[in-house]
Amino acid sequence: MYDPTRLAALVAVAEAGSITRAAERLGYTAPALSQQLAKLEREAGTPLLVRHHRGARLTGAGELLVTRARRVLDELDRARHELARLTGLSGGTLRLGTFQTAGVHLLPPVLSAFRRAHPDVELTVANHEPPAGVAAVAAGEIDLALTHTYEPAEAVAVPASVTLEPVLVEELVLVTAPGHALAEGTSRLPLSELAGQPLISMAPDHPARQGVEAVLARAGATPSVLVETPVYALVCALVSAGLGVGVVPEMVARTAVTPVGMRALEGGELRRTISVARRSEGAAPAVDAFRALLRGAFAKAPAGPRW
């Protein structure tokens, strides 16, 4: 039984006229493609290519196999499309909601992978800052939403028609202007060290942040600037400019456009959980396929400080 990937490699060399050009077309290195072709020749039990300084040409056995391989690959491609139609992954629309941080830093590679796997499914993406995404899923306006909750915080009721699936838990970390004394240590910073520090406060009336703001207030952090909308890029920009310190999710700190110092906080009880919200029943195949890609992508994302 011939490996379809190796058959496709042989067809690519036949069409490109050289291993190097075929490798570029397929996204391989030339040595890696040569290894695939060598394995195919061992499977065939005969040389399939004659390599020369200007490229490569097919042997008689290679020409025969390429002719058959094209038919096999065409049939496999038809089978892929037919299976996609059968499972509901050919055509239709997948409607997604996301909050800003996830939309900018985590969602694009997942969307790209989904588009490669299911090119016939139309994708729409809308901004839904939590908890609006959950409400939009419950109302049937979107199919999936990336949302988040914070700890500590009061529990937020989730409609019975919606299921939340956690995909990433990250700690909140201190961000400061570059060179700030609080960011110089390598150990976790006690919250008591924030006493008297001017805090760029993340909308303390925003439900998702109320518990976090209460902990910081008890530690003595003094509000310096209130950011009325949940835009972490603005928080980091104000911190970078020296207007105060901030406490933000680690992903936000590591991807900040403006330069900031970072330090882990003692206790690690300040956290953000990113979840995907979906309807509890009747999920379409495209929804399940996208959730699987999300789980794989978020598993590679940072889950906590690495100090």
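All values below were derived from every heavy atom in this structure, side-chain atoms included, with hydrogens, water molecules and symmetry-related copies excluded. Predicted, not measured: the structure shown is a model, and the values here were computed from it.
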Exercise. Indicate whether any N or O donor in one side chain lies under 3.5 Å from an N or O acceptor in the other, for Glu213 and Ser201.
Key: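 Yes, a side-chain donor-acceptor pair sits under 3.5 Å.
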If you group Ile, Leu, Val, Met, Phe, Trp and Tyr by side-chain heavy-atom gaps below 4.5 Å, do [X] and [Y] land in one group?
| X | Y | result |
| --- | --- | --- |
| Leu65 | Leu37 | yes |
| Val137 | Val125 | no |
| Leu96 | Leu164 | no |
| Leu265 | Leu182 | yes |
| Val158 | Leu146 | no |

Exercise. Among Val276, Val121, Asp143, Leu94, find the one that has a side chain to side chain contact (heavy atoms under 4.5 Å, CB included) with Phe290.
Key: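 Of the listed residues Val276, Val121, Asp143, Leu94, the side chain to side chain contact (heavy atoms under 4.5 Å, CB included) partner of Phe290 is Leu94.
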So, does [X] use its side chain to make a donor-acceptor pair with the main chain of [Y] at under 3.5 Å?
| X | Y | answer |
| --- | --- | --- |
| Ser275 | Thr147 | no |
| Arg271 | Glu151 | no |
| Glu170 | Met251 | yes |
| Thr59 | Pro47 | yes |
| Glu129 | Gln100 | yes |
| Arg95 | Gly140 | yes |
| Ser112 | Pro108 | no |

Nearest heavy-atom pair of [X] and [Y]: which atoms, and what distance?
| X | Y | result |
| --- | --- | --- |
| Pro4 | Leu73 | O-CD2, 3.8 Å |
| Ala69 | Val11 | CB-CG2, 3.9 Å |
| Pro119 | Arg116 | CD-O, 3.8 Å |
| Ala12 | Leu26 | CB-CD1, 3.8 Å |
| Phe114 | Ala286 | CE1-O, 3.8 Å |
| Pro130 | Phe99 | CD-CB, 3.5 Å |

Supply the atom-to-atom distance [X] [atom1] to [Y] [atom2], rounded to the nearest 0.5 angstrom.
| X | Y | atom1 | atom2 | value |
| --- | --- | --- | --- | --- |
| Glu24 | Thr29 | CD | OG1 | 11.0 Å |
| Arg25 | Leu33 | CZ | CG | 11.0 Å |
| Glu43 | Arg6 | CD | CZ | 4.5 Å |
| Leu107 | Leu293 | CG | CG | 11.0 Å |
| Leu40 | Gln36 | CG | CD | 9.0 Å |
| His53 | Ser18 | NE2 | OG | 12.5 Å |

Practice problem: Before accepting this row, confirm whether a basic side-chain N of the pair Asp74/Arg71 lies closer than 4.0 Å to the acidic partner's carboxylate O. | Solution: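 No salt bridge links Asp74 with Arg71.
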Quiz prompt | Ion pair Glu193/Arg263, N-O distance below 4.0 Å | solution =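 No.
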Quiz prompt | Flag if over 12 foreign heavy atoms under 6.0 Å of CD, Glu154 | solution =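 Not buried by this count: 12 neighbours or fewer within 6.0 Å.
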Quiz prompt | Over 12 non-hydrogen atoms of neighbours within 6.0 angstrom of CZ in Arg279 | solution =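 Count over threshold, so yes.
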Using a 4.5 Å cut-off on heavy atoms from C-beta on, say whether the side chain of [Y] contacts that of [X].
| X | Y | value |
| --- | --- | --- |
| Leu174 | Leu194 | yes |
| Leu270 | Val215 | yes |
| Glu15 | Val66 | no |
| Asp3 | Lys39 | no |
| Leu58 | Leu10 | yes |
| Leu49 | Glu41 | yes |
| Thr101 | Pro249 | no |
| Val175 | Ile200 | no |

Practice problem: Report the C-alpha distance between Ile274 and Leu106 in whole Å, list the side-chain angles of each, state the deciding distance to 0.1 Å, and finish with yes or no for side-chain contact (heavy atoms from CB on, under 4.5 Å). | Solution: CA-CA 11 Å; Ile274 297 176; Leu106 293 175; 4.3 Å; yes
Below 3.5 Å, can you tabulate the donor-acceptor pairs from side chains in residues 231-248 to any protein atom, sequence neighbours excluded?
from   : atom 1 : to     : atom 2 : distance (Å)
Tyr232 : OH     : Tyr150 : OH     : 2.5
Tyr232 : OH     : Arg209 : NH1    : 2.9
Ser240 : OG     : Pro259 : O      : 2.7

Practice problem: Only counting residues at least two apart or in another chain, list the ones meeting side-chain contact (heavy atoms from CB on, under 4.5 Å) with Ala219. | Solution: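 Leu191.
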Exercise. Test Arg188 against Glu171 for salt bridge (charged side-chain N to carboxylate O under 4.0 Å, His left out), laying out the working first.
Key: CA-CA 12 Å; Arg188 288 178 174 265; Glu171 289 187 19; 2.9 Å; yes
